[in-house]
Amino acid sequence: MASYSTNEFRSGLKVLLDGDPCAILENEFVKPGKGQAFNRVKLRNLTNNRVWERTFKSGESLEAADVIDQDMEYLYTDGEFWHFMMTDGSFEQHAADQKAVADALKWLKEQDVYTVTLYNGAPLSVTPPNFVELEVVETDPGMKGDTAQGGSKPATLSTGAVVSVPLFITIGDVLKVDTRSGEYVNRVKNG
Amino acid sequence: MTPVGQWQPTASVAALRERAGQLAYLRSFFDRRGVLETETPVLGRHGVTDLNLDSVGASFEPISGSPARSGWLQTSPEYHMKRLLAAGSGPIFQVFRAFRSGERGSRHNPEFSLLEWYRPGFTDVELMAEVAELVCGWLGCEQPQTLTYRDAMMRFAGVDPFAVSEQELEQRCERWLGAGHAFGLGRDGWLDVLMSHEVEVALRDQPPTFITAYPASQAALARISVQDGIEVAHRFELYVAGMELCNGYWELTDADEQRQRFLADNDARKRAGKPEMPVDGALLSALAAGMPDCAGVALGLDRLLMLRMGVATIAEVVAFPLEIA
C-alpha cells in the first residue's frame, strides 16, 4: 500500500492512524525557527466520526487507507444487514452492518441512492444525500387553512424519522428534509 | 489549495504599499543610528549545518579558478556578514532574501525576507533594547516583557526544561504526538513540541515577549555562560501575539568552539538521516582572524508585515508564494 509524507497531506486524503482509517481535515505546518518542524493535523476517524488532533514530525509518513466512496442504491434489509447495489451497471451488491448504517438508518428508503464508503472493500459507513423526500405516515390532524406560520408539531416519516413540521402538514404529504440538520425544508406533494 | 494556473498575486496592493513603507522605515531607522547597509551573496558554496535548517541547492557551470558545480541558496546572510565584521565593517544591516527548504505554512514560505543586523560592542541585552525600539516603533505595540526560556516553560507548559527527565518529557508530549509515538524525538525535539504547541499559543495573550537564556544545547551561534548554576545560551527570540519574530545572539567569536559545534551538528544530521553539510572554512578563518565582540539578530520581515496589517497568513503579504511563483 502506498504511503503519504506530511508534505503530501491535504484535506480529504485517507490514511491509516493507529490502525483506523481516517480522513485528513487540516494540516498546519509549525516550526520554531531553529527547532524541529512539525505538522499539526486534524483527522476524522472514519470508524466513529471522532475528530483527532495529532502532531507529526515533518517528513514522517502514514500508510494510505483503501477507502473509496461509491454511489449505491438501497435494496432491502434482512434485519441484520442492509443491502446496497452499485449504480454503475455492475449490479455488484454490498451488505452493510448496523454500525455502518447507523447515522443513515432513519433516512433509508428503498431504491434511493446513497454514498457508501468502502474500507478494504467492505461498507464502513453510509451517507444519505443532503436532501431526501419522504412521505408522512403519522402526524396530528392538519389545519388546512394555516399555511402561513405559527406553531409546529412532530411528524413521523415512512422511514421512521421524526421531524418537526408546520401545522398544515397532513398524513400522505411528501416532504423535503435536510438530512444534515434533520430539519423540514418544504412540502413537495400534497397527500 | 491555490490553483496552479493562478497569475494574480495573493497579496493586496495595500500590502505591497505597506511593504515598501516598511523598507523605508527600516532604512531610516538604521541610517539615523549609523548602521551601514550591506549586500552579501544569496548563492554560496556552503549551506548551514543546523540540524533543523535545510538549504535549497543550486547547480551551475564551473568558473575559471573555482571547480564548484553546485552551491546553496543561503538560509541567512549570517556567515557572509560575519566575514564583513571581521574585515572591520563596523555595525551593519541587510535586507536579505533567505531560502529554507520544505518550510511552507501559514507563517512560512521557503523564500522569505529577513532583516539581519550586527552591533559590535553590544551585548544581547543591549541589542534586545534596539530590537524593541525597531519593532514597537513600527507596530505601535507596548514594550516587550522578558522571560527566560525556563520561566516561560514553567509558566506556560508547567515543565522545568533543565530539571525534567527525558522519560517525563516523552510522556508529557504524548498528548500531542499520540501514545507510543513520542519516542526518538530527543530532548530538544520534545522541548520544541512544548514550545510550539503550548508556550507559543499562550504567548498570543501576552504582551510582546522576549524569551532569553535558551538551553546550551540550542545555542547555535551564541556564546554560552553559566547562570544560577545552569549553562545557558545568550540567545533571544521575540514573540509578538504568539508569532516568533526574531532570533538573536551575543555572538560566539571562538573559532575552535564554532568548529566543534558545526561538527556536532553534522553528527546530529547523520543520526537523523540527513546529508552532512560541508563546514564553511572561510567563516572559521574570519573568526580566527578576529571578529569583534558583537550581538546580532535576524528578524522575519514578512511576519513583521503580517503583524502590522493584522493578517493571519503570510500569503497575504507575499505577492507570489512558492506554489504560484
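Throughout, protein chains are lettered first and strands after them, A, B, ... in sequence-line order, and every chain is numbered starting at 1.
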A.B. asks: Is chain B contacted by the side chain of A:D18, its backbone, both, or neither, given a heavy-atom distance below 4.5 Å?
C.D. replies: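 A:D18 touches chain B through side-chain heavy atoms alone.
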A.B. asks: What part of B:E103 is in contact with chain A, defined as an atom under 4.5 angstrom from a non-hydrogen atom: side chain, backbone, both or neither?
C.D. replies: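 The answer is both parts of B:E103.
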A.B. asks: With a 4.5 angstrom heavy-atom cut-off, could you sort out which part of A:K57 is near chain B: side chain, backbone, both or neither?
C.D. replies: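 Only the side chain of A:K57 comes within 4.5 Å of chain B.
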A.B. asks: Less than 4.5 Å to any heavy atom of chain A: does that hold for the side chain of B:L191, its backbone, both, or neither?
C.D. replies: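 Neither the backbone nor the side chain of B:L191 comes within 4.5 Å of chain A.
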A.B. asks: Examine A:F84 together with A:H94 and report whether their ring centres are nearer than 6.0 Å.
C.D. replies: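 Judged by ring-centre distance (under 6.0 Å), A:F84 and A:H94 do not meet the cut-off.
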A.B. asks: Using a 4.5 angstrom heavy-atom cutoff, name the option from A:G59, A:A37, A:G35, A:S58 with the most pairs to chain B.
C.D. replies: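 Max contact count across the listed options: A:G35.
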A.B. asks: Please classify the contact between B:D188 and chain A as side chain, backbone, both or neither, with a heavy-atom cut-off of under 4.5 Å.
C.D. replies: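 No part of B:D188 comes within 4.5 Å of chain A.
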A.B. asks: B:P161 pairs by side-chain contact (heavy atoms from CB on, under 4.5 Å) with which of B:M153, B:R187, B:M195?
C.D. replies: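 Output: one option passes, namely B:M153.
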A.B. asks: Can a donor-acceptor pair be found, under 3.5 Å and without considering hydrogens, that links the side chain of B:R107 to the backbone of A:V30?
C.D. replies: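 Checking the backbone N and O of A:V30 against the side chain of B:R107, no donor-acceptor pair under 3.5 Å is found.
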A.B. asks: What is the minimum heavy-atom distance between B:M81 and B:E116, and which atoms define it?
C.D. replies: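 In terms of heavy atoms, the two residues are closest at CE-O, 3.7 Å.
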A.B. asks: Would you check, one step at a time, whether the test salt bridge (charged side-chain N to carboxylate O under 4.0 Å, His left out) holds for B:R172 with B:E198?
C.D. replies: CA-CA 11 Å; B:R172 185 65 182 65; B:E198 299 185 24; 2.7 Å; yes
